[in-house]
Undergrad: 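Structure below; questions to follow.
Below, read A as the first sequence line, B as the second, and so on, with proteins coming before strands; counting in each chain starts at 1.
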2 protein chains.
Amino acid sequence: MGKHTCNHMTESLVEKTLLQLSQAGLRVTKQRKALLCTLAVADNPLSAEETHAQLAKGTCDLVTVYRSLEQFEKIGVLQLGVRENGTKVYCLSHGHDHHHHLTCRSCGRTERVDVCMGDELENIGRSFGYTKLTHVMELFGNCPDCVS
Amino acid sequence: MGKHTCNHMTESLVEKTLLQLSQAGLRVTKQRKALLCTLAVADNPLSAEETHAQLAKGTCDLVTVYRSLEQFEKIGVLQLGVRENGTKVYCLSHGHDHHHHLTCRSCGRTERVDVCMGDELENIGRSFGYTKLTHVMELFGNCPDCVS
DNA sequence: ATGAGTGCAAATAGTTTGCAAGCTG
DNA sequence: CAGCTTGCAAACTATTTGCACTCAT
């Protein structure tokens with residue numbers, strides 16, 4: 001499986017995201033390109049460690065992954081999630097299609113859940129007078145292969 | 001503020017919860033009583049460290065807090081949440097009123113959000129063939145006093 | 001009395017910070 | 001060439017594990 005090359009389908013997505021970086025005043029480096037490429041081909045949210053592990057050896061230090069992912073999330077190109085154990089995970093915000101995930105707590109298999117009541121929730125937040133609202137929503141369960 | 005004594009309002013709730021422990025085959029110890037008492041009077045979800053800090057000095061080791069909270073969550077008397085930074089937090093499941101929280105990321109102030117689309121979400125999970133579904137849902141924002 | 005529960009110490013996992021050197025715009 | 005970015009080392013926070021001892025049932 002292509003470890004550090006982007007396929008045709010994800011190429012334009014990465015390009016578009018890199019553009020967003022510049023627009024946000026961040027610099028485009030080979031490390032960041034590689035990171036975005038990895039996230040673009042991932043079919044589920046990745047933790048910093050996992051993202052790092054996907055990169056060709058020597059591409060980039062783990063610390064850089066942490067720092068970049070955090071910055072990317074701040075400018076909105078990545079969406080933040082949490083695992084049941086508290087680990088932070090990130091996935092590309094494909095345009096405006098905010099979504100969530102259903103993760104098997106046994107094997108890690110992940111399904112995409114397009115339902116999101118984020119707006120509804122954030123309106124509630126607004127009604128309390130809160131601003132800069134964000135939310136985290138994750139589903140966990142045992143997948144069909146992990147009936148355990 | 002009453003650090004380690006339960007007031008009248010929370011007393012019955014703690015008693016009821018202790019009963020649930022026995023029914024689940026767990027033992028009732030003075031440490032666990034103290035833990036539940038602390039959680040019963042807390043007006044927002046507490047992390048293990050925070051729970052421990054509320055206890056009278058010497059009541060119980062931090063490790064015991066971790067172990068107990070985890071077990072309590074497993075038998076359903078506590079509800080698990082996550083902070084934006086991944087820290088796990090717990091609050092008493094007052095009967096069946098599953099709920100969520102809106103937390104100020106600056107001062108920590110917390111509001112209770114009674115809206116929950118958990119059933120809806122867990123049905124989606126079931127439609128994927130997943131079992132033992134749980135979910136985590138937390139809202140974060142800046143409260144009116146922390147416009148920053 | 002028997003095994004669940006506890007405390008203490010130590011190990012882990014995930015993440016953050018400091019600082020000097022490197023690269024982007 | 002200014003300053004954002006990176007790497008390396010080290011510090012930290014949250015949480016887990018091993019083991020002998022204690023206590024609830």
Undergrad: Just to be sure I understand the rule, does A:Ser22 reach a base, reach only the sugar-phosphate, or reach nothing, if contact means heavy atoms closer than 4.0 Å?
TA: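 The answer is nothing, as A:Ser22 stays clear of every strand by at least 4.0 Å.
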
Undergrad: Kindly give the heavy-atom pair with the smallest separation between B:Leu13 and B:Ala40, and that separation in Å.
TA: CD2-CB, 4.5 Å

Undergrad: What does A:Arg32 touch in the nucleic acid at a heavy-atom separation under 4.0 angstrom: a base, only the sugar-phosphate, or nothing?
TA: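 Sugar-phosphate, no base atom in range.
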
Undergrad: Within this structure, what is the NZ-to-C1' distance between B:Lys30 and C:dG7, rounded to whole angstrom?
TA: 11 Å

Undergrad: So, is A:Gln31 close to the C:dC23 phosphate, meaning a side-chain N or O under 4.0 Å from OP1 or OP2?
TA: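 No, A:Gln31 has no side-chain N/O under 4.0 Å of OP1/OP2 on C:dC23.
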
Undergrad: In whole Å, what is the span from the CG atom of B:Leu80 to the C1' atom of D:dA14?
TA: 14 Å

Undergrad: Which whole-number value in Å describes the distance from B:Leu19 CG to D:dT25 P?
TA: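 Distance check: B:Leu19 CG to D:dT25 P gives 12 Å.
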
Undergrad: Short question: side chain of B:Glu138, backbone of B:Gly81 - any donor-acceptor pair under 3.5 Å?
TA: no

Undergrad: Going hydrophobic residue to hydrophobic residue with side-chain gaps under 4.5 angstrom, can you get from B:Met137 over to A:Val113?
TA: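 Yes, B:Met137 and A:Val113 fall within the same hydrophobic cluster.
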
Undergrad: Any idea which heavy atoms bring B:Ser68 and B:Leu35 closest together, and the distance?
TA: CB-CD1, 3.5 Å

Undergrad: How do A:Val63 and A:Leu26 order along DNA chain C: which one's closest nucleotide is nearer the 5' end?
TA: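 Looking at the nearest nucleotide for each, A:Val63 comes out on the 5' side.
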
Undergrad: Just checking A:Glu50: base, sugar-phosphate only, or nothing, at a heavy-atom cut-off of under 4.0 Å?
TA: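 Since no nucleic acid heavy atom lies under 4.0 Å of A:Glu50, the category is nothing.
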
Undergrad: Could you tell me how far apart B:Phe72 (CZ) and C:dG5 (C1') are, to the nearest whole angstrom?
TA: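 The answer, rounded to whole Å, is 11 Å.
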
Undergrad: Taking CD from A:Glu84 and C1' from C:dG14, how many angstroms apart are they, rounded to a whole number?
TA: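 For the pair A:Glu84 CD and C:dG14 C1', the rounded distance is 17 Å.
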
Undergrad: Give the nucleotide from the list D:dT15, C:dA4, C:dG7 with an atom nearest to the side chain of B:Ala48.
TA: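 The answer is D:dT15.
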
Undergrad: Answer with yes or no whether A:Arg67 presents, from its side chain, a donor or acceptor under 3.5 Å of a partner atom in the base of D:dG7.
TA: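 Indeed there is one.
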
Undergrad: On a heavy-atom basis, which atom in B:Thr51 and which in B:Val65 lie closest, and how many Å separate them?
TA: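 Heavy atoms of B:Thr51 and B:Val65 come nearest at CB-CG1, 4.1 Å.
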
Undergrad: Between C:dT16 and A:Lys88, is there an OP1 or OP2 to side-chain N/O distance shorter than 4.0 Å?
TA: yes

Undergrad: In whole angstroms, how far is the C1' atom of D:dT25 from the CD atom of B:Gln23?
TA: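 Atom CD in B:Gln23 sits about 16 Å away from atom C1' in D:dT25.
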
Undergrad: Under 4.0 Å from OP1 or OP2 of D:dT15: is there any side-chain N or O of B:Thr87 that close?
TA: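 No, outside the criterion.
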
Undergrad: Judged by each residue's nearest nucleotide on DNA chain C, which is more toward the 5′ side, B:Thr29 or A:Ser47?
TA: B:Thr29

Undergrad: Are any of A:Tyr66's side-chain N or O atoms less than 4.0 Å away from OP1 or OP2 of C:dT16?
TA: no

Undergrad: Compare side-chain N and O positions of A:Gln71 against OP1 and OP2 of D:dC4 and report whether any pair is under 4.0 Å apart.
TA: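 So the side chain of A:Gln71 is outside the cut-off, no N or O lying under 4.0 Å from OP1 or OP2 of D:dC4.
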
Undergrad: Quick one: on DNA chain D, does B:Val89 or A:Ser68 contact a more 5' nucleotide (nearest heavy atom)?
TA: A:Ser68

Undergrad: State whether the side chain of A:Arg83 and the backbone N or O of A:Val89 hold a donor-acceptor pair below 3.5 Å, judged by distance alone.
TA: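 Between the backbone of A:Val89 and the side chain of A:Arg83 there is no qualifying donor-acceptor contact (under 3.5 Å).
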
Undergrad: What's the CG-P distance between A:Leu35 and D:dT5, to the nearest Å?
TA: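 Interatomic distance, CG of A:Leu35 to P of D:dT5: 13 Å.
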
Undergrad: How many Å lie between CG on B:Asp61 and P on C:dT6, as a whole number?
TA: 10 Å

